[in-house]
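Input: a single structure, listed below in structure tokens.
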Amino acid sequence: MRVSKALIPTVKETPQEAEIPSHKLMLRAGLMRKVAAGFYEYLPLGQKVILKINQIIREEMERAGAQEVLMPIMTPAELWQETGRWEKYGKELMRVQDRHERHFALGPTHEEVITDLVRRELKSYKQLPMNLFQIATKFRDEVRPRFGVMRSREFLMKDGYSFDVDDAAADKTYWIMVEAYKRIFKRCGLTFSPVEADSGLIGGSFTHEFMVLADTGEAAVAMCSACDYAANLEKALSVPTPHTANTVGGLFQKISTPGKHTVEDVGALLKLPAQQFIKTLVFIADGKPVVVLVRGDHDVNEVKVQNHLQAAELALASGDKVYEVTKATVGFAGPVGLTGVRIIADKTLQGGHQYVTGGLEKDIHLTNVEFGRDFAEPEWGDFRSVLSGDGCPKCGKPLKVGRGIEVGQTFKLGLKYSQPMHCVYLDEHGKDKEAVMGCYGIGVTRTVGATIEQHHDTDGIVWPIATAPYQIHLLLLNPAEPEVAKVADQYYEDLKQAGYEVLYDDRMEASAGFKFKDADLIGLPISVRVGARGLKEGLIEIKRRREKEVAKVPVSDVLAKVKEAADAEWKLCTP
RNA sequence: CGGGGCGUAGCGCAGCGGUAGCGCACUUGGUUUGGGACCAAGGGGCCGUGAGUUCGAAUCUCACCGCCCCGACCA
């Protein structure tokens with residue numbers, strides 16, 4: 001493609017609305033434009049990237065035995081009512097009516113539709129396993145769309161659904177899909193981690209989230225430095241660092257701590273480490289107060305607490321509520337003398353001694369507090385979030401906590417949809433049996449954003465070759481000089497002939513500097529620069545976007561050098 | 001839905017009661033041409049919308065709409 005004829009509207013200034021690198025760069029490099037909050041137009045470069053990701057997904061899904069279908073975006077309310085999700089899904093489900101005032105939902109996901117399709121077509125166990133997927137536009141009326149493509153209201157998603165004869169067969173399919181996902185993200189040139197995720201109150205089943213590791217990620221992930229253990233912080237386990245004080249001290253004592261209501265403040269005052277403290281937090285679970293105790297250097301993990309309590313709703317209590325429960329202002333809550341409320345404690349507190357806690361009075365803390373002696377043994381459990389440096393639950397080596405962008409999720413559904421929707425087949429004994437399902441999603445547009453989050457620098461995007469809109473950026477630096485232009489034109493033809501996707505910056509009006517800046521911004525993996533200066537010595541410049549050095553090669557070696565660079569790039573996208 | 005902020009040229013911004021501006025981008029001509037060139041001449045505005053206040057409103061008041069950030073929520 002010649003830049004002079006292309007719609008690639010790069011901009012120098014960052015639009016005010018963009019906050020994170022991927023959003024800024026997608027607008028600046030001319031990949032997309034916004035139509036309304038959470039709705040975007042993909043321009044030629046953006047669309048090319050999407051098509052490449054789609055293609056990788058298609059190839060790997062088919063390789064794993066799945067077949068592509070296409071389902072409607074508008075889906076009848078009746079299907080959603082069958083599973084109860086018409087009521088349960090909430091405002092995020094975009095609801096519309098047709099001219100006959102019949103209700104529809106713009107699909108945020110398609111479990112109901114696919115299950116309906118399969119129950120009509122599925123007759124015999126001989127048809128199983130069946131694994132179907134589509135790549136289609138999804139709608140979620142997000143409370144707050146943000147970060148460009150990372151959280152939009154309309155987005156492109158690959159959603160796949162598997163149907164198996166029984167649990168064991170479904171497990172097998174599940175792991176095949178996990179392997180397919182690993183290949184997909186590797187082929188996209190991404191550094192990622194499949195992490196164990198929380199499956200919420202549904203329980204029983206298991207699920208993995210595929211996290212692209214990037215500092216701007218919305219989710220926290222604990223990963224082992226030595227083995228393959230990785231889990232969403234919501235459910236990550238660990239062996240915590242041990243206590244310092246391990247003997248029983250004297251009786252507890254009241255001490256005055258005016259105005260000191262954080263572990264940090266009181267710790268500084270008493271010259272004691274944070275792990276010597278019991279942090280006491282009040283939560284409201286389904287309307288009832290619950291007190292949670294964790295070590296001073298730890299954070300409460302709300303998901304673990306919520307799962308333990310089997311609560312539908314859990315939130316930190318307001319200052320008023322805290323006063324109601326503890327009769328003390330926030331910062332002075334403690335377990336000693338606290339009655340009439342359920343108390344749960346993180347098990348890492350167990351075996352520790354001489355704790356410091358709030359004194360249930362303003363400006364009072366207690367020292368030398370002992371579990372069991374100074375207050376009743378609480379309910380023990382795992383209620384804390386993993387910290388960097390904790391031991392891995394599998395191998396004991398240190399864990400590190402990082403951030404990730406969730407680009408895919410695999411989920412074993414079991415009978416969640418096939419049961420209420422009667423998706424059954426006849427087994428070899430002629431008996432009706434429900435199909436065991438799994439579902440597998442990949443946010444395609446989000447993957448574009450995640451790729452940029454992970455692969456960019458101060459000058460622009462640094463595309464992996466597999467998803468780059470073009471592979472080679474050919475720059476004609478002196479378009480006014482016919483000799484130079486002739487050479488560049490020839491390379492344009494030669495490189496295309498050699499099978500490369502080439503973006504040819506042949507613009508007459510743009511200066512060399514301008515073209516360099518644009519090339520860095522757009523970020524194609526390899527650029528070939530043809531200029532008068534180099535040509536005088538018979539040299540052409542080749543540069544990989546991810547590297548600093550520019551290679552000056554004789555005109556006769558250009559194709560060989562480009563191939564070398566391209567091979568090196570492809571190696572980074574090979575499973 | 002709570003808290004905060006912003007709507008003025010395509011983009012980034014200034015102006016804050018009295019003639020609507022600047023930089024970039026765009027058009028034309030010329031000079032340039034290796035890291036976002038220069039000169040000259042142009043085009044482009046219901047100052048988000050609607051009501052008020054005022055002799056007079058981009059500017060003050062109120063309402064609405066849109067957009068962004070933090071929170072709640074969420075793939």
Side-chain angles (χ1 to χ4, degrees), chain A residues 9-20 23-24 27-28 30 33-39 89-93 107-111 138-159 197-200 207-212 217-219 232 234 302-303 313-316 318 404-411 439-447 449-450 459-460 475-481 484-485 505 507-522 527 529-536 539-541 543 550 552:
Chain A
T10 57
V11 290
K12 190 156 61 174
E13 317 225 36
T14 304
Q16 194 194 24
E17 67 200 51
E19 186 78 0
I20 60 169
H23 192 190
K24 287 180 185 169
L27 294 170
R28 285 195 54 211
R33 289 292 184 260
K34 185 177 68 176
V35 176
F39 296 97
Y89 214 101
K91 288 187 183 167
E92 237 174 71
L93 187 65
T109 174
H110 278 70
E111 282 85 0
K138 296 276 187 279
F139 289 85
R140 272 180 213 182
D141 199 358
E142 283 287 342
V143 199
R144 177 142 95 87
R146 58 182 135 176
F147 303 137
V149 103
M150 306 302 278
R151 186 182 240 31
S152 51
R153 292 149 88 188
E154 184 185 303
F155 54 98
L156 203 58
M157 179 164 143
K158 187 284 298 185
D159 50 324
D198 177 62
S199 52
T207 175
H208 285 83
E209 290 168 344
F210 285 75
M211 296 285 192
V212 169
E218 290 185 272
N232 191 309
E234 290 179 347
E302 294 193 25
V303 173
E313 270 180 62
L314 182 80
L316 203 56
S318 64
I405 300 162
E406 188 191 333
V407 289
Q409 182 160 23
T410 50
F411 208 109
C439 75
Y440 319 93
I442 293 178
V444 176
T445 35
R446 182 181 263 200
T447 300
D459 296 317
L475 308 184
L476 166 55
L477 301 179
N478 312 95
E481 297 185 33
V484 183
D505 198 343
R507 286 176 294 180
M508 288 300 293
E509 67 282 2
S511 67
F514 197 98
K515 290 179 179 179
F516 287 140
K517 288 287 185 190
D518 252 7
D520 287 343
L521 178 60
I522 292 168
S527 64
R529 293 110 181 256
V530 181
R533 199 181 279 182
L535 271 190
K536 254 181 226 148
L539 298 175
I540 302 287
E541 290 162 29
K543 181 173 176 299
V550 180
K552 298 190 178 185

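Within every chain, numbering begins at 1; the chains are lettered A, B, ... in the order of the sequence lines, protein sequences first and strands thereafter.
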Over how many whole Å does the gap from [X] atom [atom1] to [N] atom [atom2] extend?
| X | N | atom1 | atom2 | result |
| --- | --- | --- | --- | --- |
| A/E218 | B/A72 | CD | C1' | 14 Å |
| A/L27 | B/G12 | CG | C1' | 14 Å |
| A/D141 | B/C73 | CG | C1' | 13 Å |
| A/M150 | B/A75 | CE | C1' | 11 Å |
| A/I405 | B/A75 | CD1 | P | 17 Å |

Task: B/G7 to B/U61 separation - P atoms, rounded to the nearest Å - done: 14 Å
- [ ] Assign A/S152 to base, sugar-phosphate, or nothing according to its heavy-atom contacts below 4.0 angstrom with the strands shown.
- [x]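 Counting heavy atoms under 4.0 Å across all strands, the contact made by A/S152 includes a base.
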TODO: Name the nucleic acid region contacted by A/T14, choosing base, sugar-phosphate or nothing; use a 4.0 angstrom heavy-atom cut-off, strictly under.
DONE: sugar-phosphate
Measure all distances between protein nitrogen or oxygen atoms and nitrogen or oxygen atoms of nucleotides 66-69 of chain B, and list the pairs falling under 3.5 Å.
from	atom 1	to	atom 2	distance (Å)
B/C67	OP1	A/A37	N	2.9
B/C67	O3'	A/K34	NZ	3.0

Among residues at least two apart in sequence or on other chains, which ones pass side-chain hydrogen bond (donor to acceptor under 3.5 Å, both in side chains) with [X]?
| X | value |
| --- | --- |
| A/R529 | A/S527 |
| A/N232 | A/E209 |
| A/T10 | A/D518 |
| A/T445 | none |

Task: Validation row: A/L535, A/V530 side chains within 4.5 angstrom (heavy atoms) - done: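 Result yes, sub-4.5 Å side-chain heavy-atom pair found.
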Which nucleotide, in any strand shown, forms a Watson-Crick or G-U wobble pair with [N], with both distances under 3.5 Å?
| N | value |
| --- | --- |
| B/A37 | B/U31 |
| B/C24 | B/G10 |
| B/U59 | none |

TODO: Answer yes or no: is there a donor N or O on one side and an acceptor on the other, between the side chain of A/K158 and the main chain of A/Y440, under 3.5 Å?
DONE: yes
Which residues pass the salt bridge (charged side-chain N to carboxylate O under 4.0 Å, His left out) test with [X], sequence neighbours left out?
| X | result |
| --- | --- |
| A/D141 | A/R153 |
| A/E541 | none |
| A/E142 | A/R151 |

Open item on the list: Generate the contact string for nucleotides 25-44 of chain B. Rules: B means base contact, S means sugar-phosphate contact only, - means no protein heavy atom under 4.0 Å.
Closed with: --------BBBBS-------
